[in-house]
Structures are given as C-alpha cells and as structure tokens.
Amino acid sequence: MGYGGGFGGGNMNQLMKQAQAMQRKLQEAQEKIAETEVTGTAAGGMVEVKLMADKTPVSISIKPEAVDPEDVEMLEDMIMAALNSAMEEADKVSKELLGPMAGSTGLF
C-alpha cells in the first residue's frame with residue numbers, strides 16, 4: 001500500500017520549477033527597484049531628496065531661501081520631511097514591483 005498523492009517525483013519537480021520561476025521574478029523586481037529613482041520634497045519643493053527605490057541615496061537639493069542661519073532646526077525638519085517622503089515613494093515602488101511576492105519574502 002502506497003502513500004497516495006503526496007510529493008511524488010512529478011509534483012516535486014513542478015514545485016522546484018515554480019520556486020525557480022518565483023526566484024527569477026523576485027530578482028527581476030529587485031533589479032528594477034534598484035534602477036528606479038524616486039523623489040521626496042518638503043516645504044513646497046524648497047528641499048528635495050532623491051533616492052533609488054532600494055533606498056540608496058542619490059542627492060539632496062536645498063534652495064537658498066530654505067537656509068536661515070537663525071533657524072537651522074527648521075531646515076533639519078524640512079530635510080527629514082523630504083527624506084520621509086522619498087522613503088514612502090520608494091516603498092510604493094517596491095510594493096508595486098514585488099506585488100504578491102512581497103508577502104512571501106517577508107519584505108513588507
């Protein structure tokens with residue numbers, strides 16, 4: 001008497017092929033994420049932060065009128081707001097590109 005269904009040779013091969021296809025899709029999505037640039041702004045564009053969607057920093061741009069030597073704390077707040085905005089955009093891109101794979105990888 002055999003085990004019946006289970007993970008016979010054919011089923012195991014099919015599972016391996018599906019796992020390999022999922023791995024390829026995940027790799028492709030991660031490459032796209034690393035190549036996609038996102039921007040976050042604050043104070044009506046006075047401070048702009050650019051990141052790659054994998055959150056690698058690209059640049060920070062600060063308009064001269066945003067710089068007040070008497071209020072450095074305000075500038076710091078604007079930079080943090082722009083950075084947080086860029087991070088949110090990066091997360092959106094990642095979730096969009098990874099789609100249903102995100103849950104299975106523990107990334108989100």
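The structure places CG of L51 at 10.5 Å from CD of E89, a figure rounded to the nearest 0.5 Å. With rounding to the nearest 0.5 Å, the separation of NZ in K32 from CD in E96 is 9.5 Å. Taking CD of E76 as the reference point, atom CG of D71 lies at 9.0 Å (rounded to 0.5 Å). Rounded to the nearest 0.5 angstrom, K50 NZ and T39 OG1 are separated by 5.0 Å. Here the OG1 atom belonging to T56 is positioned 11.0 Å from the CD1 atom belonging to I33, to the nearest 0.5 angstrom.
Between K25 and E28, no side-chain nitrogen of the basic residue sits less than 4.0 Å from a carboxylate oxygen of the acidic one, so the salt-bridge criterion is not met.
Distance alone, capped at 3.5 Å, places no donor-acceptor pair between the S85 side chain and the A81 backbone.
Under a 4.5 Å side-chain heavy-atom criterion applied to ILVMFWY residues, the cluster that includes V58 comprises M52 as well.
Scanning both residues, A82 and A42, for their nearest heavy atoms gives N-CB, 3.7 Å. Residue S94 comes nearest to A53 through the heavy atom pair OG-O, 3.7 Å, listed as atom of the first residue, atom of the second, then distance. Listed here is the closest heavy atom pair of P69 and V72: O-CG2, 3.8 Å.
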| task | List the steps and the verdict of side-chain contact (heavy atoms from CB on, under 4.5 Å) for L75 and D68. | result | CA-CA 8 Å; L75 178 58; D68 179 355; over 6 Å; no
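Shown here is Q18, whose CD atom has more than 12 heavy atoms of other residues, nucleotides or ligands within 6.0 Å.
Annotation: side chain of V49 is not in contact with side chain of N84 (no heavy-atom distance under 4.5 Å). With contacts defined as side-chain heavy-atom distances shorter than 4.5 Å, the pair L83/I60 does not qualify.
Residues that satisfy the salt bridge (Lys or Arg N to Asp or Glu O under 4.0 Å) test with K55, not counting sequence neighbours, are D91.
Considering D77, T41, I79, V67 as possible partners of V47, the one that fulfils the side-chain contact (heavy atoms from CB on, under 4.5 Å) test is I79.
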